[in-house]
Amino acid sequence: MNNKSLTKPETNLVNKLTAEYGLVVNESNSVATNVLSGVKVQTTPLVAALVRFTQVAYASYELFGSGKMFFNNKPVSIQTYDRVRYLILKLDNEAYYNVID
């Protein structure tokens with residue numbers, strides 16, 4: 001797990017995810033799970049929440065096949081989705097490679 005602090009744009013992204021999408025960073029959950037393989041990775045609560053965001057958004061894309069992603073019934077742009085993925089990669093590359101990639 002990388003020990004890196006968030007830049008101002010990254011902090012703004014996290015604030016957007018919590019304010020607009022209702023993302024909750026649960027301090028008691030620090031495990032990210034690959035929904036396909038079942039692999040679990042110990043990480044930070046923030047990374048675990050970001051992983052959940054990407055998984056839910058991508059699952060909605062696959063489920064509805066509409067070419068759109070959603071989180072908590074709100075549309076997620078591909079730019080937001082990609083920024084979240086890159087933030088996971090920056091903060092915890094092990095979680096990214098074992099759970100996302």
Side-chain angles (χ1 to χ4, degrees):
M1 197 168 6
N2 297 334
N3 188 14
K4 297 186 178 185
S5 59
L6 298 178
T7 64
K8 181 67 174 164
E10 292 165 344
T11 300
N12 291 342
L13 174 62
V14 172
N15 290 340
K16 174 183 176 177
L17 296 174
T18 56
E20 292 181 24
Y21 294 100
L23 181 72
V24 175
V25 178
N26 183 346
E27 293 300 322
S28 65
N29 180 19
S30 59
V31 175
T33 304
N34 183 315
V35 294
L36 298 175
S37 69
V39 170
K40 296 181 184 223
V41 176
Q42 187 70 33
T43 189
T44 65
L46 175 58
V47 171
L50 295 174
V51 165
R52 181 176 171 274
F53 179 88
T54 61
Q55 290 172 333
V56 169
Y58 188 77
S60 70
Y61 175 80
E62 287 289 309
L63 179 65
F64 300 118
S66 64
K68 296 180 183 177
M69 291 183 275
F70 295 90
F71 187 84
N72 285 340
N73 296 320
K74 297 189 182 201
V76 176
S77 71
I78 191 68
Q79 294 84 2
T80 299
Y81 176 81
D82 282 342
R83 287 182 65 205
V84 173
R85 284 183 40 241
Y86 293 130
L87 183 54
I88 295 166
L89 180 60
K90 173 189 172 182
L91 296 176
D92 190 342
N93 57 10
E94 181 185 353
Y96 182 88
Y97 290 119
N98 287 298
V99 179
I100 299 295
D101 194 23

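The minimum heavy-atom distance linking Val76 with Phe70 is given by the pair CG2-C, 3.9 Å. The two residues Tyr96 and Arg85 come nearest to each other via the heavy atoms OH-NH2, 3.0 Å. In terms of heavy atoms, Ser30 sits closest to Gln42 at OG-NE2, 2.6 Å. Listed here is the closest heavy atom pair of Ala49 and Val24: CB-O, 3.6 Å.
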Passes side chain to side chain contact (heavy atoms under 4.5 Å, CB included), Leu46 versus Leu6? Steps please. CA-CA 11 Å; Leu46 175 58; Leu6 298 178; 4.2 Å; yes

Quick one: do Asn34 and Asn98 satisfy side chain to side chain contact (heavy atoms under 4.5 Å, CB included)? Show the steps, please. CA-CA 7 Å; Asn34 183 315; Asn98 287 298; over 6 Å; no

I'd like to know whether Leu23 forms a side chain to side chain contact (heavy atoms under 4.5 Å, CB included) with Leu50, so could you lay out the CA-CA distance, the side-chain angles of the two residues, the decisive distance to 0.1 Å, and finally the verdict. CA-CA 8 Å; Leu23 181 72; Leu50 295 174; 4.2 Å; yes

Residues Glu27, Val25; criterion side chain to side chain contact (heavy atoms under 4.5 Å, CB included); working and verdict: CA-CA 6 Å; Glu27 293 300 322; Val25 178; 3.8 Å; yes

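No side-chain heavy atom of Asn29 sits under 4.5 Å from any side-chain heavy atom of Arg52. Val51 has its side chain out of reach of Thr33: every pair of non-hydrogen atoms, C-beta onward, lies at least 4.5 Å apart. With a 4.5 Å cut-off on side-chain heavy atoms, Leu87 and Val14 count as touching. Taking the side chain as every heavy atom from C-beta outward, Thr44 and Leu91 never approach each other to under 4.5 Å.
Ile100 and Val35 are assigned to two separate hydrophobic clusters, defined by single-linkage of ILVMFWY side chains at heavy-atom distances under 4.5 Å. Grouping the Ile, Leu, Val, Met, Phe, Trp and Tyr side chains by contacts below 4.5 angstrom, directly or via other members, places Val99 with Tyr97. Follow the hydrophobic side-chain contacts under 4.5 Å out from Phe53 and you reach Ile78 in the same cluster.
Panel note: side chain Lys90, backbone Ser5; a donor-acceptor pair is recorded below 3.5 Å. Asn15 places no side-chain N or O within 3.5 Å of a backbone atom of Leu17 that could act as its donor or acceptor partner. Side-chain atoms of Lys74 come within 3.5 Å of backbone atoms of Glu20 as a donor-acceptor pair (strictly under, hydrogens ignored).
Separating the CD atom in Glu10 from the CG atom in Asn12 is a distance of 10.0 Å, to the nearest 0.5 Å.
The aromatic rings of Tyr21 and Phe71 sit perpendicular to each other, their planes meeting at more than 60°, with 30° as the lower class boundary.
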